[in-house]
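Numbers here simply count residues along the sequence, with the first being 1.
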Amino acid sequence: MALSKTSGINIEGIVSLVPANINDNLLLTHLSQTDKEALIHHTGIRFRRVVNEENSNIKNLFIKGITNLLANLPWKKESIDILICVTQTPNVSIPAISCQIHGDLGFSNNTMCYDINLGCSGFVYSLHTLSALLSSLNKINARAILCCGDISTQLIQENDQTTKPIFSDAASVTAVSNNTETFSYFNLETNGSGQKAIYKEGNFMKLNGIDVFNYSLTMVPNNILNLLTFADKNIDVPNMFILHQANKLINEAIRKKLLLPETKTPSTLHEYGNTSSASIPLTLCKNWDSETPNWVLFSGFGVGFSVASALIYLNNSIHLSIIET
């Protein structure tokens with residue numbers, strides 16, 4: 001395990017973006033009515049968000065999110081030190097999306113930019129990256145923008161009964177600054193033998209549901225428990241456990257194995273489906289209403305097979321919003 005204690009970070013704001021176009025799993029044409037109802041019961045996913053042609057570029061979603069977020073924070077573009085984009089569905093492979101956004105929005109030449117190729121664990125992995133980078137700048141008010149998300153539906157064949165009912169399109173943009181008053185805790189792990197649990201074959205994504213379930217139930221609870229032990233925190237300390245929104249069967253199995261109450265493990269599966277690296281910030285936006293600062297545990301897991309958990313102290317002044325685009 002890669003356990004890490006870093007200087008604390010402030011999550012100052014998150015904008016989550018979901019397409020306004022909604023697909024209903026009850027209207028799937030390749031399944032019987034009984035099978036569709038069973039699918040929704042087991043996965044917890046009724047609706048999926050799918051981009052239209054206008055928004056079919058992940059960079060465009062990131063730019064809309066950054067523009068909205070900066071309009072709601074006292075940040076100027078010139079004050080941003082780091083821009084990181086996490087996606088597995090770039091519009092082009094060269095140059096990096098972060099560099100394209102830097103040019104399109106006119107960020108300072110002093111802004112550090114690069115992309116990270118990760119899926120479901122990408123939000124947590126990139127928070128760790130930002131925590132280390134921000135503290136290394138030796139700057140009191142160091143600031144970063146983190147973009148996460150995928151247009152997963154572009155990777156799915158129309159008649160694929162395994163992946164089509166699960167995945168949605170979404171993006172999130174997070175404003176992060178350094179915090180010298182607290183610490184953040186991370187546990188980052190990889191099991192490359194699970195690289196065929198979720199993978200791309202030709203132009204399309206393939207999913208081995210049994211493998212995904214087995215890897216998740218084996219690795220994720222241990223990853224979380226080891227993180228809490230490392231942080232010297234009881235499992236009752238986090239106010240919320242925000243899991244990557246894989247599907248109901250997996251997430252409920254993890255919750256029950258950890259003996260967590262449903263009230264501490266919010267879900268956005270029914271409304272939004274599996275939104276890859278955007279699922280954790282999207283779920284936070286939908287469910288965070290705390291009036292007091294508190295610890296929150298994030299856990300991302302999936303394609304790789306990659307697992308990452310973080311224990312972060314969130315303040316009560318965080319700006320959170322969900323935008324339909």
Side-chain angles (χ1 to χ4, degrees), residues 15-19 50-70 77-78 80-130 132-134 136-137 143-157 163 167-176 188 190 192 195-196 198-207 274-279 281 300 302-306 308 325:
V15 172
S16 292
L17 303 100
V18 295
V50 180
V51 295
N52 57 29
E53 189 171 332
E54 179 184 353
N55 294 319
S56 61
N57 183 322
I58 192 67
K59 183 188 78 169
N60 293 342
L61 293 179
F62 287 163
I63 287 177
K64 289 179 182 180
I66 292 172
T67 302
N68 182 278
L69 188 58
L70 293 181
K77 287 185 292 184
E78 304 79 48
I80 297 169
D81 300 288
I82 305 167
L83 170 64
I84 291 180
C85 294
V86 179
T87 187
Q88 294 191 315
T89 56
N91 47 303
V92 296
S93 58
I94 301 174
I97 290 180
S98 55
C99 293
Q100 296 176 51
I101 293 173
H102 180 285
D104 291 349
L105 294 182
F107 280 20
S108 164
N109 286 355
N110 295 321
T111 305
M112 181 191 311
C113 296
Y114 61 88
D115 294 357
I116 295 177
N117 179 358
L118 274 175
C120 315
S121 65
F123 180 72
V124 179
Y125 258 93
S126 52
L127 283 181
H128 177 268
T129 300
L130 287 179
L133 289 174
L134 288 169
S136 73
L137 294 178
R143 291 170 171 173
I145 295 289
L146 169 62
C147 301
C148 292
D150 282 303
I151 300 179
S152 300
T153 60
Q154 294 180 339
L155 303 177
I156 297 172
Q157 288 178 296
T163 57
F167 290 95
S168 285
D169 303 325
S172 70
V173 177
T174 304
V176 182
L188 313 176
T190 309
Q195 61 186 281
K196 288 291 187 179
I198 308 171
Y199 64 101
K200 187 178 178 183
E201 184 176 82
N203 294 322
F204 299 108
M205 178 166 55
K206 302 295 181 182
L207 174 69
N274 183 328
T275 53
S276 189
S277 60
S279 76
V303 59
F305 196 86
S306 177
T325 177

Would you compute the distance between atom CE of Met112 and atom CG of Leu134 and round it to the nearest 0.5 angstrom?
8.5 Å
Just by modelled atom types, is the Ile151 backbone N or O under 3.5 Å from a matching donor or acceptor in the Thr89 side chain?
yes
Could you go through the side-chain contact (heavy atoms from CB on, under 4.5 Å) check for Ile80 and Phe107 one step at a time?
CA-CA 8 Å; Ile80 297 169; Phe107 280 20; 4.0 Å; yes
Does Thr111 use its side chain to pair, donor to acceptor, with the backbone of Ser108 at less than 3.5 Å?
yes
Are the side chain of Ser98 and the backbone N or O of Tyr114 linked by a donor-acceptor pair below 3.5 Å?
yes
With Phe62 via ring-ring contact (aromatic ring centres under 6.0 Å, His included) - residues at least two apart
none
Within residues 114-128 or reaching into it, pairs that qualify as salt bridge (Lys or Arg N to Asp or Glu O under 4.0 Å) - sequence neighbours excluded:
none
Can you name the residues that form a ring-ring contact (aromatic ring centres under 6.0 Å, His included) with Phe167, not counting sequence neighbours?
none
side-chain contact (heavy atoms from CB on, under 4.5 Å) between Leu105 and Leu70, worked out:
CA-CA 11 Å; Leu105 294 182; Leu70 293 181; 5.9 Å; no
Measure the CG-CG distance between Leu146 and Leu130 for me, rounded to the nearest 0.5 Å.
5.5 Å
Taking it one step at a time, do Cys147 and Ile66 satisfy side-chain contact (heavy atoms from CB on, under 4.5 Å)?
CA-CA 8 Å; Cys147 301; Ile66 292 172; 3.8 Å; yes
Qualifying residues under side-chain hydrogen bond (donor to acceptor under 3.5 Å, both in side chains), relative to Ser276, sequence neighbours excluded:
Asp150
Return the set of residues passing salt bridge (charged side-chain N to carboxylate O under 4.0 Å, His left out) with Lys206 (not counting sequence neighbours), or none when no residue passes.
none
Residue list, salt bridge (charged side-chain N to carboxylate O under 4.0 Å, His left out) with Asp81, at least two apart or on another chain:
Lys139
Hey, are the side chains of Met205 and Val303 touching, using non-hydrogen atoms and a 4.5 Å cut-off?
no
What's the spacing between Asn57 CG and Ile63 CD1 if we round to 0.5 Å?
8.0 Å
Is a side-chain N or O of Thr190 found less than 3.5 angstrom from the main chain of Gly192, in a donor-acceptor match?
no
